[in-house]
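In what follows, a single structure is set out as structure tokens and then discussed.
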Amino acid sequence: MSQETYQVYAVKYATREGTRSSNFIGGDPHDAPMPMDYFVWLIRNAERSFVVDTGFSEDMARRRKRTFLRTPSEGLALLGVEAATVQDVVITHMHYDHVGTFLDFPAARFHLQDAEMSFATGRYMRHGRFNHGYEVDDVVGMVKLVFKDRVCFHSGSAELAPGISVHHIGGHTAGLQCVRVATARGWVVLASDTSHYYEHMETGRIFPTAFHVGEMVEGYDRLRALAQSPRHIIPGHDPLVMERYPAPSKALEGVVVRLDVAPVS
Ligand SMILES: [Zn+2]
């Protein structure tokens with residue numbers, strides 16, 4: 001275990017309705033409602049802070065018919081973080097709901113897997129099946145940042161700072177990565193879309209947006225190997241995260257939860 005530990009937060013910035021059948025390959029026999037939450041995450045201690053993903057904008061919420069609650073930078077501001085001064089942002093993958101407001105972070109370098117940039121700019125983007133989760137303007141914008149030396153490429157696993165590392169998983173997109181963080185309760189893993197909901201990793205089922213189904217199911221084992229326990233894995237879109245973890249203050253209830261402390265349920 002690293003000497004350095006961090007506080008970890010999930011900030012909810014949008015939500016949408018959904019049904020169980022829309023969240024699993026092969027559907028679901030009980031077609032009940034299954035809403036989806038959208039998050040960005042913050043990792044920090046006295047030494048440094050990392051933002052994980054940058055969400056999407058209000059305009060994009062309108063275009064994709066999502067319920068917008070606040071901009072990711074407004075959500076981070078509630079924790080005292082000024083987006084304009086953030087130095088490091090991990091982009092788990094370049095889907096619209098994870099990279100959308102990167103322009104709100106003008107001082108940041110963006111940590112990205114080689115495989116994600118290749119995927120988002122390569123042959124598979126010819127197909128609606130694989131490009132529907134991307135916005136071409138986001139991808140082009142990130143390419144422009146490469147030319148300004150503001151993209152920090154990783155291939156596989158990499159330590160970004162003591163106690164913070166990224167790990168290539170793939171599956172959902174070719175270059176999807178998760179983030180492992182040292183906390184006072186042990187290794188927490190921000191799974192992002194390697195497991196949209198707890199149910200995906202717990203039952204070995206698959207979210208329908210998938211590049212490589214084999215990598216997705218193998219990815220669940222990788223998450224478990226990286227985390228202190230299954231209770232230390234934080235799925236990317238599950239509203240249960242907001243129920244299982246405590247808000248950092250009364251004022252932030254329903255908006256932010258703290259992930260470096262034990263779940264309350
Ligand atoms: Zn997502």
Side-chain angles (χ1 to χ4, degrees), residues 9-20 22-25 34-42 51-61 63-72 75-76 89-102 110-113 115-117 119-120 124-125 128-139 142 166-179 189-201 205-213 215-216 219-220 222-223 233-242 257 259:
Y9 303 89
V11 179
K12 178 175 162 180
Y13 71 89
T15 189
R16 74 165 165 85
E17 298 305 315
T19 57
R20 293 186 59 80
S22 63
N23 287 330
F24 299 99
I25 285 180
M34 191 172 183
M36 178 180 283
D37 281 354
Y38 295 87
F39 301 99
V40 295
W41 299 271
L42 173 68
V51 168
V52 178
D53 288 343
T54 58
F56 53 71
S57 67
E58 186 162 17
D59 177 54
M60 189 55 58
R63 283 169 52 193
R64 296 211 181 220
K65 298 184 172 53
R66 309 313 192 215
T67 303
F68 198 68
L69 304 171
R70 58 193 61 81
T71 67
L76 291 164
V89 175
V90 175
I91 297 296
T92 62
H93 60 308
M94 289 200 284
H95 274 169
Y96 80 98
D97 55 326
H98 295 263
V99 72
T101 74
F102 67 92
F110 296 90
H111 296 269
L112 189 68
Q113 288 284 326
E116 184 65 9
M117 185 57 91
F119 183 60
Y124 294 106
M125 292 303 113
R129 180 79 184 81
F130 300 117
N131 71 29
H132 79 271
Y134 291 92
E135 288 290 330
V136 67
D137 289 341
D138 292 340
V139 176
M142 209 33 78
V166 292
H167 303 269
H168 175 239
I169 303 284
H172 172 66
T173 69
L176 176 63
Q177 59 185 349
C178 68
V179 186
V189 173
L190 298 174
S192 184
D193 291 2
T194 61
S195 192
H196 283 66
Y197 292 83
Y198 283 102
E199 271 193 81
H200 288 112
M201 60 184 171
R205 283 187 292 168
I206 304 291
F207 188 77
T209 302
F211 175 60
H212 192 307
V213 167
E215 283 180 3
M216 285 184 90
Y220 302 145
R222 292 282 311 284
L223 294 175
I233 304 170
I234 313 299
H237 288 279
D238 199 330
L240 280 176
V241 171
M242 296 301 294
V257 288
L259 306 171

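These numbers were taken from a predicted model, which means no experiment stands behind them. Counting starts at 1 for both ligands and their atoms, in listed order.
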Within 6.0 Å of OH in Tyr124, more than 12 heavy atoms from elsewhere: no
Mind checking side-chain hydrogen bond (donor to acceptor under 3.5 Å, both in side chains) for [X] and listing every partner two or more places apart, or none if nothing turns up?
{"X": "Asn23", "value": "Tyr197"}
{"X": "Glu116", "value": "Tyr134, Thr173"}
{"X": "Arg66", "value": "Tyr38, Tyr96"}

Donor-acceptor under 3.5 Å (His168 side chain, Ala174 main chain): yes
Protein-derived N, O or S atoms lying under 2.8 Å from the Zn ion (ligand 1), waters excluded: 4
For His237, the option from Asp193, Asp37, Thr15 that meets side-chain contact (heavy atoms from CB on, under 4.5 Å): Asp193
